[in-house]
K.L.:
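Have a look at this one before I ask anything.
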Amino acid sequence: MILKALCDYYDHKRASMPGFGTKNVEISFVIVIDKEGSFVRFEDMRDEKKKRGTIFEVKRPEVRSSGVNPNFLYDNGGYVMALPDISKQPKKAGIEKIKQDAFLQRIMKALKKDPQNEILMSLTSFLSKYESPGIQASMQQDSLWDEIKRLSKN
């Protein structure tokens with residue numbers, strides 16, 4: 001009886017629920033890059049009041065009770081851009097770079113499985129040249145840079 005009610009409830013709510021192996025995640029900012037992996041701009045995905053990000057259905061987030069474990073194709077500023085978490089002291093020197101390297105390795109692993117994927121090629125190119133002065137300068141000149149740094153949390 002209870003199992004049938006749960007099944008009926010799931011069937012009724014299925015359209016608003018994430019699929020198997022995915023989760024609805026709130027994303028506040030998106031990095032827009034071109035085909036060559038060059039930075040184009042940041043996009044603010046938050047609502048008008050700048051309080052809530054847009055909900056995206058993404059691959060289920062990795063469990064991170066401790067250690068470095070990047071998500072696939074999305075993550076926070078510490079993993080994607082090696083930004084420090086301003087809310088706490090780092091436990092390890094250079095942890096931001098370790099996190100970013102792990103994020104890049106996760107993307108490169110996927111690219112090895114699908115070497116013709118243009119999106120993965122562009123993202124790998126962007127992350128590989130992230131530390132170059134040109135990319136850094138372009139990102140820092142973007143009007144959202146200060147807000148992204150201010151809100152950075154690992």
Side-chain angles (χ1 to χ4, degrees), residues 10 13-92 94-114 116-132 134-154:
Y10 176 77
K13 292 290 191 176
R14 184 179 301 198
S16 64
M17 297 176 75
F20 181 75
T22 65
K23 183 175 182 178
N24 290 334
V25 173
E26 184 179 318
I27 295 179
S28 299
F29 298 98
V30 172
I31 302 171
V32 178
I33 59 175
D34 63 18
K35 226 175 168 179
E36 288 76 39
S38 297
F39 174 79
V40 175
R41 70 182 177 281
F42 290 113
E43 281 191 19
D44 192 341
M45 305 305 290
R46 299 174 296 171
D47 61 21
E48 301 83 41
K49 296 178 184 174
K50 306 289 186 202
K51 297 207 182 228
R52 306 297 306 206
T54 302
I55 302 296
F56 289 91
E57 186 174 338
V58 298
K59 185 178 181 297
R60 188 167 295 283
E62 297 296 326
V63 176
R64 290 198 281 234
S65 58
S66 65
V68 175
N69 201 4
N71 290 311
F72 183 63
L73 296 179
Y74 72 99
D75 220 308
N76 60 46
Y79 279 89
V80 179
M81 298 184 295
L83 294 176
D85 185 344
I86 58 170
S87 67
K88 56 186 170 186
Q89 284 292 91
K91 296 174 184 166
K92 268 179 20 179
I95 190 68
E96 292 86 7
K97 183 65 178 135
I98 292 168
K99 288 179 177 182
Q100 187 187 37
D101 287 344
F103 186 74
L104 172 59
Q105 293 307 312
R106 180 102 191 248
I107 304 302
M108 290 177 73
K109 184 177 176 183
L111 183 59
K112 284 180 185 174
K113 292 179 181 177
D114 187 6
Q116 302 304 314
N117 188 312
E118 292 181 7
I119 294 169
L120 293 175
M121 285 190 281
S122 298
L123 185 54
T124 301
S125 176
F126 169 75
L127 293 169
S128 296
K129 60 186 178 186
Y130 176 76
E131 292 183 352
S132 71
I135 294 237
Q136 292 290 314
S138 296
M139 292 174 80
Q140 291 170 6
Q141 290 172 0
D142 191 280
S143 61
L144 291 171
W145 177 252
D146 290 334
E147 181 76 357
I148 289 169
K149 275 185 65 175
R150 185 180 70 79
L151 297 173
S152 176
K153 290 189 175 130
N154 296 332

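Worth saying up front: this structure is predicted, and the values here are computed from it rather than measured.
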K.L.:
Take Phe39 and Val32 through the test side-chain contact (heavy atoms from CB on, under 4.5 Å) and record every step on the way to the result.
P.N.:
CA-CA 6 Å; Phe39 174 79; Val32 178; over 6 Å; no
K.L.:
Could you go through Glu96 and Lys99, starting from their C-alpha distance and side-chain angles, then the distance that decides it, and tell me whether this counts as salt bridge (Lys or Arg N to Asp or Glu O under 4.0 Å)?
P.N.:
CA-CA 5 Å; Glu96 292 86 7; Lys99 288 179 177 182; over 6 Å; no
K.L.:
Within the distance-only criterion (no hydrogens, no angle test), does the side chain of Tyr130 pair as donor or acceptor with the backbone N or O of Ile135 below 3.5 angstrom?
P.N.:
no
K.L.:
What pairs with Asp75 under side chain to side chain donor-acceptor pair (under 3.5 Å), at least two apart in sequence or on another chain?
P.N.:
Arg64, Asn71
K.L.:
Starting at CZ of Phe103, measure out to CE of Met81 and round the result to the nearest 0.5 Å.
P.N.:
10.5 Å
K.L.:
Spell out, as yes or no, whether a donor-acceptor pair under 3.5 Å connects the side chain of Gln100 to the backbone of Val80.
P.N.:
yes
K.L.:
Who passes side chain to side chain donor-acceptor pair (under 3.5 Å) against Arg52, sequence neighbours left out?
P.N.:
Glu26
K.L.:
I need the minimum non-hydrogen distance between Val68 and Tyr79, along with the two atoms involved.
P.N.:
CA-OH, 3.5 Å
K.L.:
Of all heavy-atom pairs between Lys59 and Tyr74, which one has the smallest distance, and what is that distance?
P.N.:
O-OH, 2.9 Å
K.L.:
Just one of Arg46, Lys51, Met45 clears the side-chain contact (heavy atoms from CB on, under 4.5 Å) bar with Ser28, so which one?
P.N.:
Arg46
K.L.:
Please round to the nearest 0.5 Å and tell me the distance separating atom OG1 of Thr124 and atom CE of Met108.
P.N.:
6.5 Å
K.L.:
Mind listing the closest non-hydrogen atom pair of Leu144 and Asp44 along with its distance?
P.N.:
CD1-N, 3.6 Å
K.L.:
Are the side chain of Asn69 and the backbone N or O of Glu62 linked by a donor-acceptor pair below 3.5 Å?
P.N.:
no
K.L.:
Please answer whether the main-chain N or O of Asp34 pairs with a side-chain N or O of Ser38 as donor and acceptor at a distance below 3.5 Å.
P.N.:
no
K.L.:
Is it true that, when you exclude Glu118 itself, more than 12 heavy atoms of the residues, nucleotides or ligands shown sit nearer than 6.0 Å to its CD?
P.N.:
no
K.L.:
Rounded at 0.5 Å granularity, tell me how far CG in Leu127 sits from CG in Leu120.
P.N.:
10.5 Å
K.L.:
Would you sort out whether Thr22 and Arg60 count as a side-chain contact (heavy atoms from CB on, under 4.5 Å), showing the intermediate values?
P.N.:
CA-CA 4 Å; Thr22 65; Arg60 188 167 295 283; 6.0 Å; no
K.L.:
Hey, are the side chains of Leu123 and Leu73 touching, using non-hydrogen atoms and a 4.5 Å cut-off?
P.N.:
yes
K.L.:
Are Ile148 and Met139 close enough that some pair of their side-chain heavy atoms sits under 4.5 Å apart?
P.N.:
no
K.L.:
Determine whether Phe42 and Glu147 satisfy the following criterion, side-chain contact (heavy atoms from CB on, under 4.5 Å), listing intermediate values before the conclusion.
P.N.:
CA-CA 11 Å; Phe42 290 113; Glu147 181 76 357; over 6 Å; no
K.L.:
Counting N and O atoms only, with roles assigned by atom type, does the side chain of Ser125 sit under 3.5 Å from a partner on the main chain of Met121, one being a donor and the other an acceptor?
P.N.:
no
K.L.:
For Lys149, does its backbone N or O pair with a side-chain atom of Asp146 as donor and acceptor, under 3.5 Å?
P.N.:
no
K.L.:
Over all heavy atoms of both residues, which pair between Leu151 and Phe29 is shortest? Give the atoms and the distance, please.
P.N.:
CD1-CE1, 3.9 Å
K.L.:
How many angstroms lie between CZ in Arg106 and CG in Asp101, if you round to the nearest 0.5 Å?
P.N.:
15.5 Å
K.L.:
What do you reckon, is NZ of Lys109 surrounded by more than 12 foreign heavy atoms closer than 6.0 Å?
P.N.:
no
K.L.:
If you take all heavy atoms of Ser122 and Glu36, which pair is closest and at what distance?
P.N.:
OG-N, 4.5 Å
K.L.:
With a sphere of 6.0 Å drawn around CD1 of Ile55, does it hold more than 12 non-hydrogen atoms of other residues, nucleotides or ligands?
P.N.:
yes
